[in-house]
Number of protein chains: 2
Amino acid sequence: MNQTHPDMPTPAPGADRLPPLPVTVDTVILTVLEGRLQVVLVKRLDEPFAGQWALPGGFVHPTESLESAARRELEEATGAGDVYLEQLYTFGAPDRDTRGRVVSVAYFALVAADRCPLTPHRLEAEAHWFWVKQLPTMAFDHLDMLQVALQRVRTKLEYTTLGFQLMPETFTLQELQKTYEIILDRELDKRNFRRRLKLLDLVEAVGAKRAEGPGRPAELYRFKDVDFFHLREKGFFLPF
Amino acid sequence: MNQTHPDMPTPAPGADRLPPLPVTVDTVILTVLEGRLQVVLVKRLDEPFAGQWALPGGFVHPTESLESAARRELEEATGAGDVYLEQLYTFGAPDRDTRGRVVSVAYFALVAADRCPLTPHRLEAEAHWFWVKQLPTMAFDHLDMLQVALQRVRTKLEYTTLGFQLMPETFTLQELQKTYEIILDRELDKRNFRRRLKLLDLVEAVGAKRAEGPGRPAELYRFKDVDFFHLREKGFFLPF
DNA sequence: CCTAGATAGTGTCTCAGTGACACTTATGCA
DNA sequence: TGCATAAGTGTCACTGAGACACTATCTAGG
């Protein structure tokens, strides 16, 4: 129990009362694509769970922070690095990895469809977007992680500006509402949705319109620099 | 980078692409005692930060879950094991421990003043309750952990039954309100507080009264078995 | 035993935010 | 030019929250 590890490469020369544990990060990368909430899964090449789908993840390097590790995984899987990333929860059940004890810190990322020009085939061969309502069997406890991520996103969408992360520079209010509906998995009332946007003073018209087929063209909007104190009075916050 | 660790005691024989990291848990143990929100800190005997105050914590054993480890620390520090415990956040900055890389999973616990008969001196010599508004210098990033815990508790107190955890079997509404006020660090309106309790149907009178000095004696209450669906309709939840 | 002091307990009004709901406006295309 | 399509807009009713003051019941001391 109290042995030391003379060949241990970097970590904690003094913190040797107990064996160190492998630490990984796994990242739940979400986007709205083709009208659906989708998550990136990669096909595992190695045992355990070889051939099964898993969240992109990997070991934490000795010199990088947990968030850096998650961001590295994010970039490796999607090419996009400058996106919203938040720590979710840490999974450490002793039997969660059949190889032995592995502790995994789960993160979730929201990438805007237009900042992430990758469609499934642009990811490395074994990575794909999956609709969260139609998932393959997933390795480890990764389904739990996804579940936690979905709950977190849905909750924070309601009282933070988290939804901004998924929109392009300019957008129509209809598109914004659609994005919210897709994530929350329920329909919203157009007028109530807009009333709230106005109350919170979140968006401003850019002064241009976009015509998309027949029908009245839609005003284009962008997000305003938010007034944090005004938002807080209304029970609304920034995502972090 | 790809070396293996033949003498590694238990964890992950296959997960050896990167060196394992020491993993600890640190537990923010909160209670309301003597009219103040208090936290347990222990005096460190070893370097680094020897002589400074820190949250109770320690290394995760290879065979126990993270929560078990946190609960073990909790019992060691206070003697009470059957209390509310929730994972907070994981701290993994590469330089957070001067000895080297250590990843720490922070938990917070709420112990009822009556379930934890320990006053400062009943804890082991180097452990004390501290008022959260009058703290000593704390080791590592433990002040950050405490901050996160306080924010979490205050938020969840408002929309969950978390506050139950801190009350004895029976209590007066005044005591309950006082507990809320101490945690939230602001005064509440007596009538509005009681209106909300009634609306949510959270408590019931036990039919006894308690006289405490002069003044009209107070009704004693206990928490009801909550109707989860009724609560959810009112935007109220269980703590987990 | 009566009174003063102390604490418990209770109801109303106003305001803000939310959900439900239907018609008018502006465009494209046949 | 008119028809199909999508964008945009206002009201009413309800609920929950904050602000606010008096009555009821007990203890203790004269």
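Letters A, B, ... are given to chains in the order of the sequence lines, protein chains preceding strands, and every chain is numbered from 1.
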Worksheet item: Which pairs with one or both residues in residues 231-240 of chain B pass side-chain hydrogen bond (donor to acceptor under 3.5 Å, both in side chains), sequence neighbours excluded?
Response: none
Worksheet entry | salt_bridge(A:Arg222, A:Glu169) N-O dist < 4.0 Å | no
Item to complete: Take the protein atom CD of A:Glu219 and the nucleotide atom C1' of D:dA6, then report the distance between them rounded to whole Å.
Response: 14 Å
Response to the item:
Within residues 152-161 of chain A, those residues having any heavy atom closer than 4.0 Å to DNA chain D are none
Discussion item. Need one value for A:Gln174: base, sugar-phosphate or nothing, where a base atom within 4.0 Å counts as base even if backbone is also close, heavy atoms only.
Written reply: sugar-phosphate
Item to complete: Evaluate the criterion salt bridge (Lys or Arg N to Asp or Glu O under 4.0 Å) for residue pair A:Arg71 and A:Glu67; output intermediate values, then yes/no.
Response: CA-CA 6 Å; A:Arg71 208 168 280 281; A:Glu67 178 167 330; 3.2 Å; yes
Worksheet item: In whole angstrom, what separates A:Gln177's CD from D:dA7's C1'?
Response: 11 Å
Discussion item. I'd like to know if the side chain of A:His142 reaches the main chain of A:Ala54, judged simply by a donor and an acceptor atom lying under 3.5 Å from each other, with no hydrogens or angles considered.
Written reply: no
Discussion item. Run the side-chain hydrogen bond (donor to acceptor under 3.5 Å, both in side chains) test against B:Lys133 and tell me which residues pass, sequence neighbours left out.
Written reply: B:Asp185
Discussion item. Could you check whether B:Glu86 pairs with B:Lys156 (Lys NZ or Arg NE/NH1/NH2 to Asp/Glu carboxylate O, under 4.0 Å)?
Written reply: yes
Which pairs, protein N/O on one side and nucleotides 1-4 of chain C N/O on the other, fall under 3.5 Å?
none

Worksheet entry | Along DNA chain C (nearest heavy atom to each residue), the more 5'-positioned of B:Thr172 and A:Pro214 | B:Thr172
Item to complete: Report the distance from atom CZ of A:Phe193 to atom C1' of C:dT18, rounded to the nearest whole Å.
Response: 15 Å
Practice prompt. Indicate yes or no: does A:Arg186 engage A:Glu181 in a salt bridge with an N to O separation below 4.0 Å.
Written response: no
Item to complete: Could you check how far NZ of A:Lys209 sits from P of C:dT25, rounded to whole Å?
Response: 14 Å
Worksheet item: In the 5'-to-3' direction, what one-character label does each nucleotide of nucleotides 13-23 of chain D receive under the scheme B = base within less than 4.0 Å of a protein heavy atom, S = sugar-phosphate only, - = no such atom?
Response: ---SBBBBB--
Worksheet item: To the nearest Å, how far apart are B:Leu197 CG and C:dT10 C1'?
Response: 14 Å
Response to the item:
Across all chains, not counting sequence neighbours, the side chain to side chain contact (heavy atoms under 4.5 Å, CB included) partners of A:Leu157 are A:Tyr180, A:Ile183, A:Leu184
Fill in: Donor-acceptor contact present, side-chain A:Thr179 to main-chain A:Glu175, <3.5 Å
yes
Worksheet item: With the threshold set at 4.0 Å, does a side-chain nitrogen-carboxylate oxygen contact exist between B:Arg154 and B:Glu158?
Response: no
Worksheet entry | Sub-6.0 Å ring centroid separation between A:Phe223 and A:Phe171 | yes
Practice prompt. Check the distance between D:dA7's P and A:Arg194's CZ and give it to me in whole angstrom.
Written response: 7 Å
